[in-house]
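Worksheet: one structure, shown below.
All figures in this text were calculated on a predicted structure; none of them were measured in a lab. Numbering of ligands and ligand atoms starts at 1, following listing order.
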Amino acid sequence: FKMQEAAEHNMKMHPMWQGPLTVPGGDHQSPIDIVVRKSVFDSELKPLVIDYDPKTCQQIWNNGYSFLVEYDDTTDKSTLKGGPLQDTYRLCQFHFHWGESNAWGSEHTVDRRLFPAELHLVHWNSDKYSLFEEAVMEENGLAVIGVFLKVGKRHEGLQKLVDALPAIRHKSSVVEFNRFDAACLLPTNTDDYWTYHGSLTTPPLTESVSWIVMKQHIEVSHDQLAVFRSLLFTSAEEEVQKSMVNNFRVQQSLCGRTVRSSFT
Ligand SMILES: C[C@@H](CNC(=O)c1ccc(S(N)(=O)=O)cc1)Cn1ccc2ccccc21
Ligand SMILES: [Zn+2]
């Protein structure tokens, strides 16, 4: 109930959400609750081919909603293909969603189970489009890998990123961030995932995303997650500082969509 309260509060308070709460006629919205027993095994689904080059990592910044690690996506250096995808998709950024407590924070849920946070690795279809901004508007434009975070042992690979966060506490702050291998944030098993067609979970909420949600989560420590919560939604000039927490969207209805699984 508390989580719902937080989400509703979030809805009302955050400026991001003063836009249309649902895309008019949007029936392929994200996130969703993945009902495991209703997902359909699809033997045609191939293993994911994830090939990230740490040299394409450029900067980390606070956009007032989450923090993003951005990659140089002017060439096919860091790519995702295979799985449910027909084309090659380029990594452009990754970011997270998290709660004010470890009890909630993820956007997708599995049989209603909430996780304290969720990682999104955002890619766009570079076979069909020449810019991310173009791909955002197209049905087959984007592919986002979702990875659930659980609180447990410290994640060594994440620490480099956590150490950079104090430098971007406020909205719009940017720092250079090089040689980060996003692949270190993936679970050991990337063959087991659910996939469905959905949308961006923040405005413009366009229904252009092939979602690939990993079955296996990664573990981060309580202290690492606490540093996420030390970030602020607000810029340095604003007098009232608001801590960046509960930056997730509530689950949307499936509207008859089928969630496929790559595993039985
Ligand atoms: C996409 C927006 C920027 N938003 C994103 O890039 C984005 C990426 C991933 C997610 S998530 N949480 O689903 O993984 C959410 C948002 C820019 N933008 C705003 C209007 C707009 C119009 C055309 C092109 C770009 C435009
Ligand atoms: Zn996201």
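Between the side chains of Q241 and R169, no donor N or O sits under 3.5 Å from an acceptor N or O.
The closest donor-acceptor contact from the side chain of E118 to the backbone of E107 lies under 3.5 Å.
Checked against a 6.0 Å centroid threshold, the rings of F263 and W194 count as neighbours. Ring pair W211/H120: centre-to-centre distance below 6.0 Å. Between F67 and F96, the distance from one ring center to the other falls under 6.0 angstrom.
No other N/O/S atom of H120 lies as close to the Zn ion (ligand 2) as ND1 does.
When the heavy-atom distances from atom 11 (S) of ligand 1 to L68, I145, L142, T201 are ranked, the shortest goes to T201.
Of the protein's heavy atoms, F132 CZ, 3.2 Å lies nearest to atom 6 (O) of ligand 1.
The shortest separation from a heavy atom of F96 to ligand 1 is not under 4.0 Å, leaving the residue out of contact. Assignment of R249 to the shell around ligand 1 is not supported, since no heavy atom sits closer than 4.0 Å.
Ligand 1 has a nitrogen or oxygen under 3.5 angstrom from a nitrogen or oxygen of H97.
The ligand atoms of ligand 1 that sit less than 4.0 angstrom from a heavy atom of E133 are 24 (C). The M137 neighbourhood of ligand 1 comprises atoms 23 (C), with distances under 4.0 Å to a heavy atom of that residue. Near H120, meaning under 4.0 Å from one of its heavy atoms, ligand 1 places the atoms 11 (S), 12 (N), 14 (O).
When H108, R257, H28 are each tested for a side chain to side chain donor-acceptor pair (under 3.5 Å) with Y196, only one passes: H108.
Angle NE2 (H97) to the Zn ion (ligand 2) to NE2 (H95): 100°, rounded to 10°.
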